[in-house]
Each structure stands twice: as C-alpha cells, then as structure tokens.
Protein chains: 2
Amino acid sequence: MRFPKLYEQLSPLGPIPESEWERAESLAREQSVERKAHFLRPGDAADRFAVVLQGVFRLVRVSARGGESVKAFRAEGELLGAYAEMLQRMPSMTAIEALEPARVLVFRTQDFQTLEEGHGCWVRVARRVAERHFLLKERREQEFLELSAEERLDTFWAEHPHLRGRVPQRDVAAYLGITEVALSRIMSRRRKRTE
Amino acid sequence: MRFPKLYEQLSPLGPIPESEWERAESLAREQSVERKAHFLRPGDAADRFAVVLQGVFRLVRVSARGGESVKAFRAEGELLGAYAEMLQRMPSMTAIEALEPARVLVFRTQDFQTLEEGHGCWVRVARRVAERHFLLKERREQEFLELSAEERLDTFWAEHPHLRGRVPQRDVAAYLGITEVALSRIMSRRRKRTE
DNA sequence: GACGGAGGTTAACCCAGGTTAAGGCGGCAA
DNA sequence: TTGCCGCCTTAACCTGGGTTAACCTCCGTC
C-alpha cells in the first residue's frame, strides 16, 4: 500500500483485489504542483485525473463574459479532474489550480480504461464515481433552488469544514455564485447580528 | 420490440443483445398515470423507475419552508425516477407528478439489479445513466453560476423545445429558481423590448 | 348563465446582491 | 524603509427579483 490516500478514496467504492491495487499503483505517477500552478488548464486534453495527496485545488470555469466561477474545491483524498469533459472526450473547459503547494497521484484515463478491461472491479468503481459526482451536483442544484446566498454559505462550511482557512474568500464567493463584495457584506452583517 | 421508446432510450447507452431485451420487457409493467396524479410521492420508497411512453412529468422537491422547486421535467423517452434517493436507498424526497394524462413503463429497481447480475451489458447501461445524470446536473450548476434568470429562461427553451405549451409557467419559474411573478415580469419586459 | 377555481398578469414596495470605487492591511521585493 | 501587490472591507448607488395583493381570463361544473 504505497499510497494510503488512494486506498482510502477507492476502497469504499467496491472490493478491489490486492493484485489490482498493485496494477493500479504501477500506472500512477506522483507529481507535485506548486501553489498557483495548474494541474489542468482550459484547452488541455481531459485525458488524466488524479487523487490529491496533499494540498487544495480549485476547479474554475471561465465564462464567455470572462467571469470566473468556481465549480468545486478538492482536498486530500479527493478525485481531481475535468470529469464532464473526460466523459465527453472534449478539451477541458475547466482550469484546475493549486491553492497551496500540492502533491497528486496522476492516472491517464487511457490507462484506467485498460484497468477496466482487465478486471470488472474497476467498472464498478467507475460507476460509483459517476454516482457520487451526480449526488454532489444534485445537492448543489438543490442549494441554488432553495437557499439564499447566506444559507449557502453556512451549508458550505458545514460540508467542507476542512477548507477553513485554506481557500481565499473570493473563491468561496465564486463558488456560492456571488461576488466577494456580497460575501464580505454577509459576513459583517452576521458579525453585527451576533454582536 | 414491444416498446420502441424503451429501445430508443437505452440502446444508445451500449449494445444489448436480443435475449436481454426480452428479459427486460418481461419485467416491465405498463402503467397509466392521470393528469395531476403521482408516479411517486414524497415518503414513498424509491424502489422503481420508468421510461415515459406518453406525457410530461414534473419532479418536485418540497423544501423545509414549504416552497416547491422543480428539479426537472421528463417527457416521452426519458427516464423517470427519484434517482438520487434510489442510489442512496432512501425514501423519496421528490414528488413525480404527471402534467398530462400519461403512460409509463415501470421497472422495479430490484428487478433491474437481477438483470445486472445476469448480464454485464446492464452494468454498462447503469453507468451511462449515472454519467448522463451527472452531465445534466453539471450543466444546470453552470447555468446557476453564470446566467441571469432571463438567460436561464432562454437556455431552458433552447434545451427543451418539446415542452413548449406543455408545462405551466409557474413550473417553469420554479425550475429556474424564481417566482411566477418574476417570470411574468421577464416575459413582459422582453415583449416591450422587441415592441 | 352564474359561480368558482386555476393559472397568468400587473403594480407597489422592499431587500439582497451587483457594480464601482475608495481605502485598509499584511507581506514581500527593491 | 518605501512602495507595491494581493486580499479584504466599506460605502454609495442601482437593479433584479421576492412579496403581497388586486385583477383578469379561461374553463368546467352546477
């Protein structure tokens, strides 16, 4: 078990025999990413993904008008990649950028496909990954439909306590779908409300 | 091929041998749903899903505060079910209601699992279904992050032209995350703008 | 034909959040 | 030290959308 983070992430998704773990680890490549450097930038082929070993990343989509919106953050143990673009085999529209000096364990999607062909356990894993991604997005949809920005903020910290102090406020705002000004306002409003 | 809609929906997701089609059809049960009747109501077990043969449905989530938000519409050929709750094996939080007299082809999730155990093609289908659900939600997330209500309205009609005239405006509003009043305002604003 | 309900529109008023612009403050480089 | 830069805050002003409530169809039912 050279990479406990890998094991933590993948083993809850279905039983994987020892021999397959070894095969997987042999395909992985460890890589470090400097603060503010990109794991993936818009236009790159979405042909690899990773497990975060160390650090926090932001997944950013630059809209047509030039505005940045943050789709997600990823920290230790989480999967990193332009998942939608991978599925559609299109170039990435997403920038993936380290907010701290980071280390990741990289797989090429092509190699993962070979894993799948070799053993059915990986197919099950891939399915669970798809389902988990879906559940995350559905929860987020619900938040946009039902909650105010302030409530979304609370939900955010409740769901991501480990990001406290590790992500700049402007990015939290861009994740919530508001401006950094509005976020600052919400926070001061609340500061006063509770004295 | 007793149910062409079933074939249309599922066959693009992966090759399915003739014998498996027959097995699937033997498990399905045709059911009709009256206008305003429910295919599923909150609290029901999320233990079945369907393919829509005829009609339009709305998937509604009733929030804690009693507000209704519309997660999606489903028309002919689309999959109908409380997917998130199915994955999590929890009772449905979603109401699924016919907006027109409708007919559906119902499967019990349990039966579908038997299909999966019998032949690998169904596993592939299940995975593609998960991926498609994810892509839909991701697109919606992006719309909430980047677009105004008015732009979301345009996007909605561009993506769902077949729903024109079949869904009441209040439901479109609830899908966009605004009130029917706001939607009416947007439409009149636009009517004036273009004379 | 009268009535009532469902769905849509309009208007008045309010508030959350966008926009712009002006600081504040800590850290880092010259 | 000074000055700049990145990040955050605050204020002023504007706008989109929420809320409430009145009203208007169009139907379907009696």
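Convention: sequence-line order gives letters A, B, ...; per-chain numbering from 1. All values below were derived from every heavy atom in this structure, side-chain atoms included, with hydrogens, water molecules and symmetry-related copies excluded.
Straight-line distance from the CD atom of Glu180(B) to the P atom of dA22(D): 16 Å, rounded to whole Å. Atom C1' of nucleotide dG16(D) and atom CZ of Arg190(B) are separated by 14 Å, given to the nearest angstrom. If you take CD of Glu151(A) and C1' of dA16(C), they are 12 Å apart, rounded to a whole angstrom. For the pair Ile178(B) CD1 and dG8(C) C1', the computed distance is 14 Å after rounding to whole Å. Regarding Glu146(B), its CD atom lies at a distance of 19 Å from the P atom of dG17(C), rounded to whole Å. Leu183(A) has its CG atom 15 Å from the P atom of dC7(D), to the nearest Å. Atom CG in Leu176(A) sits roughly 13 Å away from atom C1' in dG17(C) (whole-Å rounding). Atom CZ in Arg35(B) sits roughly 11 Å away from atom P in dA6(C) (whole-Å rounding).
The side chain of Ala149(A) lies closest to dG17(C) when the candidates are dT19(C), dG17(D), dG17(C). The side chain of Arg191(B) lies closest to dT9(C), out of dG18(C), dT9(C), dT9(D). Among the nucleotides dG17(C), dC7(D), dT10(D), the one closest to the side chain of Arg170(A) is dC7(D). The listed nucleotides are dT20(C), dT10(C), dG18(D); the one nearest the side chain of Val181(B) is dT10(C). Proximity note for Thr179(B) (side chain, C-beta onward) versus dC7(D), dG18(D), dG18(C): the nearest is dG18(D).
Within the 4.0 angstrom heavy-atom criterion, only backbone atoms of the sugar-phosphate kind lie near Gly177(A); the bases stay farther away.
The aromatic ring centres of Phe49(A) and Tyr83(A) sit 6.0 Å or more apart. You'll find the ring centres of Phe144(B) and Phe144(A) inside the 6.0 Å limit.
Position along DNA chain D of the nearest nucleotide to Gln169(A) versus Arg189(B) favours Gln169(A) as the more 5'-ward residue. The 5' end of DNA chain C is approached more closely, in terms of each residue's nearest nucleotide, by Lys36(B) than by the other of Lys36(B) and Ser188(B).
Taking CG of Leu59(A) as the reference point, atom CG of Leu40(A) lies at 9.0 Å (rounded to 0.5 Å).
The side-chain tip of Arg74(A) does not point at the ring of Phe39(A) from less than 6.0 angstrom away and within 45° of straight on. Seen from the ring of Tyr175(B), Arg140(B) counts as a face-on cation partner, given the 6.0 Å and 45° thresholds.
Judged by distance alone, with hydrogens and angles left aside, Arg185(A) brings a side-chain donor or acceptor within reach of the base of dG18(C), the pair sitting under 3.5 Å.
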